[in-house]
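Heads up: numbering here begins at 1 and tracks the sequence. Order of listing sets the numbers, starting from 1, for every ligand and every atom in it. What you see below is based on every heavy atom in this structure, not just the backbone, and it leaves out hydrogens, waters and symmetry mates.
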Amino acid sequence: MKNLEALSEGFWGDLISAGDPGYEDARRVWNGNIDRRPALVARCRGVADVRHAVSFAGEEGLLVSLRGGGHSIPGYGTNDGGLVIDLSAMKGIRLDPDARTARAEGGVLWREFDRETQEFGLATTGGTVSNTGIAGLTLGGGLGWLMGKHGLTVDNLISADVVTADAEFHSVSADREPDLFWALRGGCGNFGVVTSFQYRVHPVGEILGGMVVYPLDQAADVARFYRDLCPTLPDEAEAHLGFLTEPQAGVPVVAMALGYNGPLDEGEKVLAPARQFGQPLADLVGPMPYVVRQTLLDEPTARNGLHRYWRSAFAEQLSDQFIDAAVDAASGFSSPMSFILFFYMHGAATRVPVADTAFSARRVQWDVDVMGQWDNPAESDRHITWVRATWDKMAPSLEEGAYINHVAADDPPEKVPASYGSNLNRLRQLKAQYDPTNLFRLNPNITPA
Ligand SMILES: Cc1cc2nc3c(=O)[nH]c(=O)nc-3n(C[C@H](O)[C@H](O)[C@H](O)COP(=O)(O)OP(=O)(O)OC[C@H]3O[C@@H](n4cnc5c(N)ncnc54)[C@H](O)[C@@H]3O)c2cc1C
């Protein structure tokens, strides 16, 4: 790196290379299966550092990773031999409670964002776990507990500050550089380094939420009931289905994860049929602050560094055969930390016209996820085999495209274009305009037109 000295002079954050204290932490990401060794991690303090790092990467012809919360499933936030532009130290959040807007920097995690906004009884659609980064999640679309009522995270994005591949700074919104703003709302990290996001926030107070848990011998009936329940739900309600292992008894169970983003008494009525179904092992649904609800699914994914292998796609229908395949796979979980999830997307998130944002998957559907998690790398083959075998059984009922943030590195190459769907051509044109050399290519990549 011939210009490293020049970079050091203009860079106020930390430059971390192999052998430096903190390098081991800086190179690692949430998915322990990813074991890469970048030449340099540039942990930025602000926009000026980001601009220096982007210029440096271009001049040196380096492979570039962008890192916010480090939760990319394929591990795009690190690489071998290149540069990581790491925003994890950029934690500024400024809420304007009167205007109901919040601006947050690219290193903020959802739990940090929620902490500030919930102090004033406000929130925007974030993910379903609290420790993902706002950056990667927002740029892929953002599916979360509030999406039925308030749309995806990108539907709540008002403006963004971004440093493009030529190191220029742009502050974009629906009025300022609307094309670039459009591309950021679903185009992942393809268009530049987003240094801050401005969101619309909504009043969200105490809500009804939690899980109803059933033994696996009721799972086929529960899943069919759940499938038929989903289309009857109002925008305020959320219902997801998870196959997982009950931690105390160590046996597979199925759970409906329910929520109601509105008055508690209305929620009690809407969720009553789900809570009265079958003979649950436990009904854990109750009133709780929104921030508590945001952490309910943190286990079993909270631990950084566990080994993970993930498959995902959208399903427009949950056929009996598909449900039976999921039940069968859950009865043979290769690890008690693995799970299968049906994540229901409906309401406001699905009513935005497809061409309004880069996020094209505006259908009522389920995001289906099969995730293997394990501790011991020596067991990797067994757990990866379980995920692949489960996927082979379920895949015939699934769409070609997935939620773009859930596409795995070893998915078939046509899955990325299928997931960008009908917006791909416009995205490719804009990629050619803003990143013609594909500097930002460690992502679900959009090749420049
Ligand atoms: C446990 C778990 C739960 C999840 N739950 C949900 C969920 O409920 N809803 C949902 O929508 N998604 C969910 N996801 C997917 C999640 O949205 C993606 O993994 C997302 O990429 C994580 O963002 P990050 O900032 O933490 O990741 P990082 O690894 O830091 O970044 C991922 C990628 O995003 C891009 N990126 C990151 N920061 C920037 C930036 N500042 N500027 C430009 N590009 C950037 C880059 O391409 C980067 O490689 C989940 C993932 C995990 C692992």
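For atom 34 (O) of ligand 1, the closest non-hydrogen atom of the protein is G136 CA, 3.4 Å. Among all protein heavy atoms, the one lying closest to atom 7 (C) of ligand 1 is L143 O, 3.4 Å. The protein heavy-atom contact nearest to atom 24 (P) of ligand 1 is G69 N, 3.5 Å. Ranking the protein heavy atoms by distance from atom 44 (N) of ligand 1 puts L139 CD1, 3.2 Å first. Regarding atom 17 (O) of ligand 1, its nearest protein heavy-atom neighbour is N405 ND2, 3.1 Å. Of all protein heavy atoms, the one lying nearest to atom 11 (O) of ligand 1 is Y403 OH, 2.7 Å.
When only interatomic distances are considered, the shortest N/O to N/O separation between A135 and ligand 1 does not fall below 3.5 Å. Residue contacts with ligand 1: L66 is placed with a nitrogen or oxygen under 3.5 Å of a nitrogen or oxygen of the ligand (distance criterion only). Of the N or O atoms in T301, none lie within a sub-3.5 Å distance of an N or O in ligand 1. Checking only distances, G144 never comes within under 3.5 Å of ligand 1, N or O to N or O. Considering backbone and side-chain N/O atoms, R67 never comes within less than 3.5 Å of an N/O atom of ligand 1. Residue W310 has no nitrogen or oxygen atom sitting less than 3.5 Å from a nitrogen or oxygen atom of ligand 1, judged on distance alone. Between G127 and ligand 1, not a single N/O pair is under 3.5 Å apart. Ligand 1 has no N or O atom lying under 3.5 Å from any N or O atom of G106, backbone or side chain. Ligand 1 has no nitrogen or oxygen under 3.5 angstrom from a nitrogen or oxygen of V129.
Under the 6.0 Å cut-off for aromatic ring centres, F342 and F322 qualify, their centroids lying closer than that.
For the residue pair D161 / T195, no side-chain donor-acceptor distance below 3.5 Å is found, with atom types taken as modelled.
Under 4.0 Å from ligand 1, not a single heavy atom of F440 appears. By the criterion of a heavy-atom distance under 4.0 Å, the backbone of L442, and not its side chain, is placed next to ligand 1. For L87, every heavy-atom contact with ligand 1 shorter than 4.0 Å involves the side chain, none the backbone.
Within the structure, ligand 1 lacks C188 among the residues with a heavy atom less than 4.0 angstrom away. Using 4.0 Å as the threshold, G192 has a heavy atom nearer than that to some atom of ligand 1. At least one heavy atom of H406 sits under 4.0 Å from some atom of ligand 1.
Legend: side-chain hydrogen bond (donor to acceptor under 3.5 Å, both in side chains) pairs involving residues 433-444, not counting sequence neighbours, sorted by first then second residue: E177-Y434, K431-D435, K431-N438, N438-N445, N443-N445. Sorted by first and then second residue, the pairs that involve residues 126-156 and meet ring-ring contact (aromatic ring centres under 6.0 Å, His included), not counting sequence neighbours, are W145-H240, H150-H202.
For the residues N304, L137, T132, T195, the heavy atom positioned nearest atom 4 (C) of ligand 1 is part of T132.
Less than 4.0 angstrom separates some heavy atom of N443 from each of these atoms of ligand 1: 47 (O).
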* Asked: Going through the checks in order, is the side-chain contact (heavy atoms from CB on, under 4.5 Å) test met by M147 and T153?
  -> CA-CA 8 Å; M147 68 183 157; T153 311; over 6 Å; no
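The aromatic rings of F113 and W110 sit perpendicular, their planes meeting at an angle over 60°, well past the 30° parallel limit.
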